[in-house]
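Working notes for the structure below.
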Amino acid sequence: EVLIQARDVDKVFENGCHALKNVSLDIHRGEVVVIIGPSGSGKSTFLRTLNQLETISSGRIEIDGVHLADKSTDINKLREEVGMVFQSFNLFPHKTALGNVMLAPLKVLKRDKAEVEQEAKDLLYRVGLHERMGHYPSRLSGGQQQRVAIARSLAMKPKALLFDEPTSALDPEMVGEVLDVMKGLAKEGMTMVVVTHEMGFAREVADRVVFMEEGELVLEESPERFFNSE
Ligand code: ADP
Ligand code: ADP
């Protein structure tokens with residue numbers, strides 16, 4: 001069952017940069033798709049179009065059957081349904097780990113506080129940070145902050161999660177703990193689109209590997225075929 005469908009997506013920035021050329025991709029529910037390719041090939045731009053952080057110049061994108069460009073589509077709701085984890089964790093510095101995870105369900109969804117708090121604690125437990133939920137971001141390592149950021153995305157109960165180079169800003173010794181959390185999510189059936197340079201993760205976790213070059217999606221393979229044809 002297709003959850004995210006991109007068809008003939010083109011993106012030309014105002015400066016004339018043609019960042020995406022005719023990109024088509026189906027992402028099925030429960031699937032992990034890893035996007036790789038050289039710097040500047042359009043990976044991040046493509047990811048950002050999937051939750052409307054970037055508009056597209058032409059083509060169409062559907063999330064769970066809803067066409068993003070339809071006038072009646074609630075873009076804020078779609079952003080809740082497709083979460084995004086960035087390279088820089090972007091936590092609120094004046095909120096604790098728990099406060100960061102609780103914030104959007106409370107303020108955006110206006111849900112009941114006790115319920116949100118319990119779910120947030122469960123999520124922090126799931127990413128291995130139960131004991132640090134009262135810590136402010138400045139007292140957490142990069143790897144811990146990124147795990148809080150993942151928990152924060154999960155707090156919105158998204159249908160899919162997009163990861164834009166989630167380990168690129170981390171010291172090498174912290175990459176593993178973040179990838180382990182991502183592997184756990186994949187096992188639990190989360191639909192994930194991951195831009196990363198971590199080939200071990202791609203080989204081990206991806207259902208499909210997509211290669212981008214100069215704005216085009218040039219190759220789409222199973223990891224077995226992708227890594228054996230290199
Ligand atoms: P990647 O994620 O593969 O490194 P990007 O999607 O970040 O590539 O960038 C693709 C191309 O689009 C690059 O040439 C980049 O310079 C350009 N680009 C990205 N964002 C913008 C922007 N806001 N305005 C103009 N050009 C941009
Ligand atoms: P705020 O910035 O709104 O004060 P915090 O980030 O301090 O929020 O905390 C958010 C919620 O988490 C509050 O309801 C607070 O009671 C609870 N909380 C904060 N730290 C802990 C902790 N170590 N153990 C249990 N609950 C906590």
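Order of listing sets the numbers, starting from 1, for every ligand and every atom in it.
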Notebook entry, point to check: Counting heavy atoms only, which part of N15 comes closer than 4.0 Å to ligand 1: side chain, backbone, both or neither?
Noted result: side chain
Notebook entry, point to check: Would K121 count as a cation-pi partner of Y125, with NZ or CZ less than 6.0 Å from the six-membered ring centre and within 45° of the ring normal?
Noted result: no
Check: Quick one: CG on L162 to CD1 on I27, what's the gap to the nearest 0.5 Å?
Finding: 8.0 Å
Notebook entry, point to check: Can you tell me which residue and heavy atom of the protein come closest to atom 1 (P) of ligand 1, and the distance to 0.1 Å?
Noted result: G40 N, 3.4 Å
Next item on the list: Before signing off on this row, confirm whether G42 and ligand 1 have an N or O atom pair separated by under 3.5 Å.
Entry: yes
Notebook entry, point to check: With a cut-off of 4.0 Å, which atoms of ligand 1 are near a heavy atom of P38?
Noted result: 3 (O)
Check: Considering only heavy atoms of S39, which atoms of ligand 1 have at least one such atom less than 4.0 Å away?
Finding: 4 (O)
Next item on the list: Report the part of S41 (side chain from C-beta onward, or backbone N, CA, C, O) that has a heavy atom under 4.0 Å from ligand 1; answer both or neither where that applies.
Entry: both
Item checked: atom 19 (C) of ligand 1: the protein heavy-atom neighbour that sits closest, reported with distance to 0.1 Å -> F13 CE1, 3.5 Å
Note to self: Ignoring hydrogens and geometry beyond distance, is a side-chain donor-acceptor pair present between E80 and N76 at under 3.5 Å?
What the structure shows: no
Note to self: Working to the nearest 0.5 angstrom, can you tell me the gap between S141 OG and Q146 CD?
What the structure shows: 10.5 Å
Next item on the list: For atom 3 (O) of ligand 1, grab the closest protein heavy atom and report residue, atom and distance to one decimal in Å.
Entry: K43 NZ, 2.8 Å
Check: Considering only the protein, which heavy-atom contact is closest to atom 2 (O) of ligand 1, and what is its distance?
Finding: S44 N, 2.8 Å
Next item on the list: State the atoms of ligand 1, each with its element, that fall below the 4.0 Å cut-off from a heavy-atom position in A19.
Entry: 11 (C), 12 (O)
Note to self: Give me each pair satisfying salt bridge (Lys or Arg N to Asp or Glu O under 4.0 Å) with a member in residues 123-151, each pair once, sequence neighbours excluded.
What the structure shows: R126-E188, R147-E177
Notebook entry, point to check: Parallel, tilted or perpendicular: which fits the ring planes of F211 and F226, with parallel below 30° and perpendicular above 60°?
Noted result: tilted
Note to self: Give me the residue, atom name and distance of the protein heavy atom closest to atom 14 (O) of ligand 1.
What the structure shows: C17 SG, 3.5 Å
Check: Any donor-acceptor pair under 3.5 Å linking the side chain of D8 with the backbone of N22?
Finding: no
Margin query: Could you measure the distance from the CG atom of L20 to the CD1 atom of I56? Nearest 0.5 Å is fine.
Written below: 9.0 Å
Check: Heavy-atom distance from atom 16 (O) of ligand 1 to the protein below 4.0 Å?
Finding: no
Next item on the list: Look at atom 6 (O) of ligand 1 and say which protein heavy atom is nearest, naming residue and atom and giving the distance to 0.1 Å.
Entry: T45 OG1, 2.6 Å
Checklist line | Closest contact, heavy atoms only, L161 versus S153 | finding: CD2-CB, 3.5 Å
